[in-house]
Undergrad: 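The structure's right below; bear with me while I get my questions together.
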Amino acid sequence: MSDSRSNLDNDLVRKNHSKDESYDENKYKYLLFTVGDELFGVPLMGVREVVEPQPIKPLPNTIDHFLGVINIRGEIVGVVDLRIRFSHEPKDSALMAMIIFESAVGPIAALVDKVESVSVIDDEDVDKNPNISSNFPIEYLIGIGKIKDRLVTLINLNKVLGVETLNKFRASRV
Amino acid sequence: MIDPEIVEIFLEEAADIVSSWEKECLKLEKEIDNPKFDGIFRCAHNIKGSAKSVGLDEFGNFVHKIEDVINLLKSGEVVLVPKLVEFLLTAHSVMVGWIEGLRKDIEYKPQTDNVLKTIDDIKAYVAKQSEGFTVNWKNFGTVAVESGEVTEEQVARAVLLQQRKLGEIMVDEGMIAKEAIGKILDVQEKNNEKAQSSKKSTETIRIAANKIDKLIQLIGELSIHQSIISHSKSTGTLDSYICGNAINLAEKINSEIQTQALSLRMVPLENLFQRVERIIRDIARSQGKKVKVHIKGSDVELDKTVIEQITDPLIHIVRNAVDHGIETVEERAQTTKSEFANITILGIQDATGIGIIVKDDGRGLHRKKIVDKAIKMGIISAEDHLSQNEVYQLIFHPGFSTAAQITDVSGRGVGMDVVKQAVNQVGGHLAIESEEGSGSTFTVNLPTTLSIIDGLIVEVSGNKYIVPLMDLAEIIDLNEFKMENTGSGDMMLNLRGKIVPVESLENYFPKSKKRVVFKKKRGTRAEKEQAVIHEEKKIVTAGEIGRPALILELGMDKIAFAIDSIIAQQQIVVRPLNEQLAHLAGYNGGTIMADGDAGMIIALKDIARRYIEECHK
């Protein structure tokens, strides 16, 4: 996945917390990725792995952004197209990747345009009550993180994906 | 200090011993005139020793006291009477509860007073007997009233107090505020939920050592062949005879490992049957019926999950058999049947899977009663002429019960439909045979294992799906039939005199408008070769069939599903779907296909069932 690594360097925002022993860096690590031109961040602890796009077996009667299922080493995992989910043009590129989330209902793969980096964003750099609207429930929004000159939408994607239902009832006879 | 891990091991062992304890009790009851106490004594002794060695002294002491009674029985100071078998079984129930409790909470301690009281009574009886008195068993309250110390009302109140929850007592005693109780209960509930869920993941299974030995041996063999193959690769002799041989053998060993690994989940029916026997015995006793239980084939093995799934249904079936099927002693006396009713529990294994048969020689299903009730409930009309089997199917209707009186054992009409559902859920099938006056037979047919099935790979609107072969009654070629319109736009055909509706599976699984985003890269040579191998392995059954249709049979109804084509028939390793995917309608499992892609198993039976229900509306 070296080709999808980004220009946002890992050590950009690392701070010296060695004095505070209770400080757990993992809690503030986020996986950053882009969908369209938007930069998102998800808590790294909710991510199982990042894989190359796998061949998808499409399933009918499902919501538009649910692409189908893939085989992750013998496990069957559903795939959500975040580009469609976040109303972006689904334009295929060589940098696309699938992020496998560990959700409450099992692993879920999310297709994104590009995986950027893993970055540490401390609480003080996160605006928890931003004045923006979002197209997913606000309780899953962690906040807006600030990294240098960029703003990152931090979101508990593993939780959002876990509560969405995939069946598209109207079109289905099943 | 009690080590939770060691207790875990003890509990596994104890559960086993307690189970043989039950078996010994049931044996004692059968041989009540000539009882042998060695078995049960050994059980008591083992469990006592183990409990004390892991620090569960209270448990150990409890068993020790029971052991005292067994000793009295062994020495002949007390004669084994049915009531004593009852006592030993009560002790068994307490121990089972205790073990269950300890699994969740290491400090758990059940109410043992009743059993201990009985033990004291028995000991007192023995002591008194030597003085020439006989004493009836009495509990503390009765004795207290008789001695004039307290009145009956006072005892009743004391008993009531005994049953109160710890929290209530604390509130009354002013130890704690009432509001705090709610909070504590919430925390407790959450904690217990967590305990329960964490319990699941550490579920253990006992496995015969020889199964593991075999597995280790196979894996050893496999690694030998694997090293031959990697050696060949490094020397560039992959095409050599030796290497080809090694690949073939590795393949064979691999499939053997698969079989062996799956057999690890298989456990004998013995424990289930024993539990069922106990239940039959308890109900028969409480209803004053005399029943002999015959058990055969308890060594037949079945997937552990399947056994867990069918335990409740099977218990329900035997309950019904004793409660409704078996006549009272007086009724039996009026027939030519012997005083003792017979219930046979049979485990059989054949090519298609496992069968569990519950057969009784009771009064059988009363056809007229069932039909009358069904008419009254509006399930059928009086003009309907039903075959014998169709009549039996009626008892699976939700809310159906012909029991004139509701007993606490069965007869509330919630039951047979749930039983059938549960059996269907594990891919099983429930059949009834019955003859009025001479008994009924319930047969539960189950697949041996849920993990590997024979599947048909079919193409529907350009997509590949898998259909379990066991769901299908037959496959026909629609070109050989003349299809007729039903008048509502649907199609039907005449299959050997039976009218069968034809549904196009395309309507259920339409072409997905989404693009298949990524085609598989078949870059390397090795991958290409692999693909060729899989291609060759396909057993193509299509070709001759122009327009294949899958015929499903559901009870009396048949339905045909038209598909594009049949691609292959092969063994499918079923992967359970995770919770998110399990909610997708129309599928009941997934698998990895030969080309490495994910595949979905169609729940064709559910679709057919829904279609038929829709038709009957």
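Computed from a predicted structure; not experimentally measured. Sequence lines set the chain letters: A, B, ... in the order given, protein chains first and strands last, and positions in each chain run from 1. Values reported hereafter were calculated over all heavy atoms of this structure, with side chains retained and with hydrogens, waters and symmetry mates removed.
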Undergrad: More than 12 heavy atoms of other residues, nucleotides or ligands under 6.0 Å from CD1 of B:Ile219: is that the case?
TA: yes
Undergrad: What's the verdict on side chain to side chain contact (heavy atoms under 4.5 Å, CB included) for A:Glu75 and B:Ile592, showing C-alpha distance, side-chain angles and the deciding distance?
TA: CA-CA 8 Å; A:Glu75 191 170 4; B:Ile592 306 303; over 6 Å; no
Undergrad: Is it the backbone or the side chain of B:Ser461 that comes under 4.5 Å from a heavy atom of chain A, or both, or neither?
TA: neither
Undergrad: Measuring heavy-atom distances to chain B, does A:Val79 have an atom under 4.5 Å in its side chain, in its backbone, in both, or in neither?
TA: neither
Undergrad: After noting the C-alpha distance and the side-chain angles of A:Phe66 and B:Leu581, does the key distance pass the side chain to side chain contact (heavy atoms under 4.5 Å, CB included) rule?
TA: CA-CA 11 Å; A:Phe66 183 74; B:Leu581 298 175; 3.6 Å; yes
Undergrad: Using ring pair (Phe, Tyr, Trp, His ring centres under 6.0 Å) as the criterion, list what pairs up with B:Tyr465, not counting sequence neighbours.
TA: B:Phe509
Undergrad: Non-hydrogen atoms of chain B under 4.5 Å away: do they reach the side chain of A:Ile70, the backbone, both or neither?
TA: backbone
Undergrad: CE of B:Met593 to NZ of A:Lys57: how many Å apart, nearest 0.5 Å?
TA: 5.0 Å
Undergrad: Using every non-hydrogen atom in the two residues, find where B:Asn463 and A:Pro58 come nearest and quote the distance to one decimal.
TA: OD1-CG, 3.9 Å
Undergrad: Do you know which two heavy atoms are closest between A:Pro60 and B:Pro510, and how far apart they sit?
TA: CB-O, 3.1 Å
Undergrad: First locate atom CG of A:Asn61, then atom CG of B:Leu584, and finally report the distance between them rounded to the nearest 0.5 Å.
TA: 9.5 Å
Undergrad: Under the side chain to side chain contact (heavy atoms under 4.5 Å, CB included) criterion, do A:Asn71 and B:Asp597 qualify, and how do the steps go?
TA: CA-CA 6 Å; A:Asn71 167 16; B:Asp597 288 355; over 6 Å; no
